[in-house]
Colleague: 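Have a look at this one.
Because only heavy atoms are used, hydrogens play no part in the values below, and waters and symmetry mates are left out as well, while side chains stay in.
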Amino acid sequence: MLKKIILFVIFTVFFISTSVFSETQKSETKKNNVIVITVNGVINPSSAEYIGKSIKKANERKPEALIIELDTPGGLDTSMRIIVKDIIGSEVPVVVYVSPSGARAASAGVFIMLASHVAAMSPGTNIGAAHPVGVGEKMDKTMAEKATNDAAAYVRSLAERTGRNAKWAEDAVRKSISATETEALNQKVIDLVSKDLNTLLSDIDGRKVRTVMGEKTLKTANVNVIREEMSLRHKILNFITDPNVAYMLMLLGFYGLFFELTNPGAIFPGVMGGICLILAFYAFQTLPVNYAGLLLIILAIILFILEIKIISHGVLTIGGVISMLIGSLMLFESPGPFMKLSLFLILPAVILTALFFTIVLGLAYKAHKRKPVTGSEGLIGLKGIAGTDITNNGGMVLLRGEIWSAYSDETISKGEKIIVESVTGLKVKVKKDVSD
């Protein structure tokens, strides 16, 4: 009996110890998550869609926070406002972290930072210069003032909503001021400076933030970091909206379509040219396109084509080069350098386009106009000797060492020189050669 009691006690203690250990292990292995995304480049419809979908996904998964690693020179006002609305409406806290060292949150990036639940920067970064600029059209003094007042009121409301320095935010719009991470922290533009992501997670642990669902305390110590990479679709869309890429797509589109029109049946150049042009026009929707510049580029291509068919002694080519150079410089009109074409791209593109149309296609056009030298068509205009008397009823001629059946509307004696007028099947029509 005593042995049974002792065994029962040992078994009970072992069972309880195992259960406690198991629960402890579960509690240790069960960690909260944070989702991290990276936005590097111009704020455009592609990046706005990427951030919006990431926030929606975070609201479904309910992680502790969504962290946006941001590095942007600015971008489109419409895309920025979409992102701000998504951040404000998020149930999950959104942390915007300007990273890595050397990154910036300029122009549209300032609005995104101020809308976030937690704004952080890494050492060696900067924020500011949020003055609005005209995109796609020039603004007169009245319109510029209206745009500035609207942006100033908007950024001030965002700063006041999150308890940040509204005066500095307004000056960033009106005076285009900027600040380093230390200055931004001292002036209460951001919440903290963290050297890396792990430090950031440690720094914000226990911080209270207010979302649309109410106040929440962040628990980011020892969390699982889940990185959500930009999808291939978003990467492609983000890539083609670069002004330099859009410009090259447009030129390749023109090359492909022109090659298809001059060589019907090639198919591949026409298909690729059409795809490139459609992608270029998609990118133009998000870029500050000056349509006078676009028309100058089209005019340049027309002049290059005319140079092939019209003897202008180089005047049309020179006009085309000048037109394309000016048009390329005018194509994207924006004070921001990230919305302009690189001069190191424009010059080679203009030179290669001029060479493509004036030399390559010029040779192709001349080859097309050259008289055939093979087949039945190659016989037309060929000179020979009458092998027999030739009448309308028939005869024989000697052409290139070959004997051909022939006929003529006039009587030609044997041994006379002849020239071929036309070919019908295996019979040639000839006439006397009176060129001597």
Colleague: Have a look at I68 and tell me which of V36, I83, V39 forms a side chain to side chain contact (heavy atoms under 4.5 Å, CB included) with it.
Modeller: V39
Colleague: Quick check: do V289 and L331 have side-chain heavy atoms less than 4.5 Å from each other?
Modeller: yes
Colleague: Might you point out which heavy atoms bring A130 and F111 nearest each other, and give the distance in Å?
Modeller: CB-CE1, 3.9 Å
Colleague: Could you tell me the separation between the CZ atom of F344 and the CG atom of N244, rounded to the nearest 0.5 Å?
Modeller: 12.0 Å
Colleague: Look only at the side chain of H117 and the backbone of V94, and say whether a donor-acceptor pair between them is shorter than 3.5 Å.
Modeller: yes
Colleague: With no hydrogens and no angle check, is any side-chain donor or acceptor of T217 less than 3.5 Å from a backbone partner on G206?
Modeller: no
Colleague: When rounded to the nearest 0.5 angstrom, what is the spacing between CE in M230 and OG in S47?
Modeller: 6.5 Å
Colleague: Closest approach of A106 and P73, non-hydrogen atoms and distance?
Modeller: CB-O, 3.6 Å
Colleague: Count the heavy atoms belonging to other residues, nucleotides or ligands that lie under 6.0 Å from NZ of K62, then report whether that count exceeds 12.
Modeller: yes
Colleague: Minimum heavy-atom separation for S107 and G74, please, with both atom names.
Modeller: CB-CA, 3.6 Å
Colleague: Would the distance check show the side chain of N59 and the main-chain N or O of V92 forming a donor-acceptor pair, the cut-off being under 3.5 Å?
Modeller: yes
Colleague: Side chains of L279 and I275: closer than 4.5 Å at any heavy-atom pair?
Modeller: yes
Colleague: Is any side-chain heavy atom of L251 closer than 4.5 Å to one of M324?
Modeller: yes
Colleague: Measure the CG-CD1 distance between L66 and I35 for me, rounded to the nearest 0.5 Å.
Modeller: 6.0 Å
Colleague: Is a side-chain donor or acceptor of T162 paired with a backbone partner of A115 at a separation under 3.5 angstrom?
Modeller: no
Colleague: Does any part of the side chain of N32, heavy atoms only, come nearer than 4.5 Å to the side chain of T220, both counted from C-beta?
Modeller: no
Colleague: Distance only, no hydrogens: is a donor on one side chain within 3.5 Å (strictly under) of an acceptor on the other, for Y50 and S231?
Modeller: no
Colleague: How far does NZ of K146 sit from CG of D150, to the nearest 0.5 angstrom?
Modeller: 11.0 Å
Colleague: Looking only at heavy atoms, which two atoms of S178 and A129 are closest? And how far apart?
Modeller: OG-N, 3.4 Å
Colleague: How far apart are the C-alpha atoms of Y154 and V84, what are their side-chain angles, what is the distance that settles it, and do they pass the side chain to side chain contact (heavy atoms under 4.5 Å, CB included) test?
Modeller: CA-CA 11 Å; Y154 188 48; V84 168; 3.2 Å; yes
Colleague: Can you tell me if D191 uses its side chain to pair, donor with acceptor, with the backbone of A119 under 3.5 Å?
Modeller: yes
Colleague: After noting the C-alpha distance and the side-chain angles of T353 and Y255, does the key distance pass the side-chain hydrogen bond (donor to acceptor under 3.5 Å, both in side chains) rule?
Modeller: CA-CA 9 Å; T353 301; Y255 296 160; 2.3 Å; yes
Colleague: Just so I know, are the side chains of V118 and L192 near enough to count as touching, which here means a heavy-atom distance under 4.5 Å?
Modeller: yes
Colleague: Do L382 and V428 have side chains that get closer than 4.5 Å, going by heavy atoms?
Modeller: no
Colleague: Calculate, to the nearest 0.5 Å, the distance between atoms OG1 and CG belonging to T241 and N44 respectively.
Modeller: 4.0 Å
Colleague: Quick check against the 3.5 Å criterion: does Y247 have a side-chain atom that pairs as donor or acceptor with the backbone of D242?
Modeller: no
Colleague: Would you say S101's side chain and P123's backbone share a donor-acceptor pair under 3.5 angstrom?
Modeller: yes
Colleague: So do K235 and N238 actually touch side chain to side chain, heavy atoms under 4.5 Å?
Modeller: no
Colleague: Hey, are D203 and S194 close enough side-chain-wise for a donor-acceptor pair under 3.5 Å?
Modeller: yes
Colleague: Would you indicate whether the side-chain heavy atoms of L201 and V225 approach each other to under 4.5 Å?
Modeller: yes
Colleague: Verify side chain to side chain contact (heavy atoms under 4.5 Å, CB included) between M272 and L252, making sure each step is shown before the conclusion.
Modeller: CA-CA 8 Å; M272 293 307 299; L252 290 173; over 6 Å; no
Colleague: Would L325 and I346 satisfy side chain to side chain contact (heavy atoms under 4.5 Å, CB included), going step by step from the backbone distance to the final call?
Modeller: CA-CA 7 Å; L325 183 61; I346 292 175; 3.8 Å; yes
Colleague: Closer than 3.5 angstrom, by distance alone: can the side chain of R164 be matched with the main-chain N or O of L114 as a donor-acceptor pair?
Modeller: yes
Colleague: Please give me the minimum heavy-atom distance between P45 and L76, naming the atom from each residue.
Modeller: CD-CD1, 3.8 Å
Colleague: Checking S323 side chain against L296 main chain: does a donor-acceptor pair fall under 3.5 Å?
Modeller: yes
Colleague: Consider only side-chain N and O atoms of T38 and E69, and report whether a donor and an acceptor are under 3.5 Å apart.
Modeller: yes
Colleague: Distance check, rounded to the nearest 0.5 Å: I301 atom CD1 versus M250 atom CE?
Modeller: 7.0 Å
Colleague: Please determine whether side chain to side chain contact (heavy atoms under 4.5 Å, CB included) holds for the pair R227 and L197, giving the CA-CA distance in whole Å, both sets of side-chain angles, and the decisive distance to 0.1 Å.
Modeller: CA-CA 12 Å; R227 285 195 173 270; L197 181 61; 3.7 Å; yes
Colleague: Which residue in the set V189, I87, V96, L158 passes side chain to side chain contact (heavy atoms under 4.5 Å, CB included) when paired with M113?
Modeller: V96
Colleague: I'd like to know if the side chain of N165 and the backbone of Q187 have a donor-acceptor N/O pair within less than 3.5 Å.
Modeller: yes
Colleague: If every non-hydrogen atom of T317 is compared with every non-hydrogen atom of F304, which pair is closest and at what distance?
Modeller: O-CE2, 3.6 Å
Colleague: Is it true that atom NZ of K216 has more than 12 heavy atoms of other residues, nucleotides or ligands lying nearer than 6.0 Å?
Modeller: yes
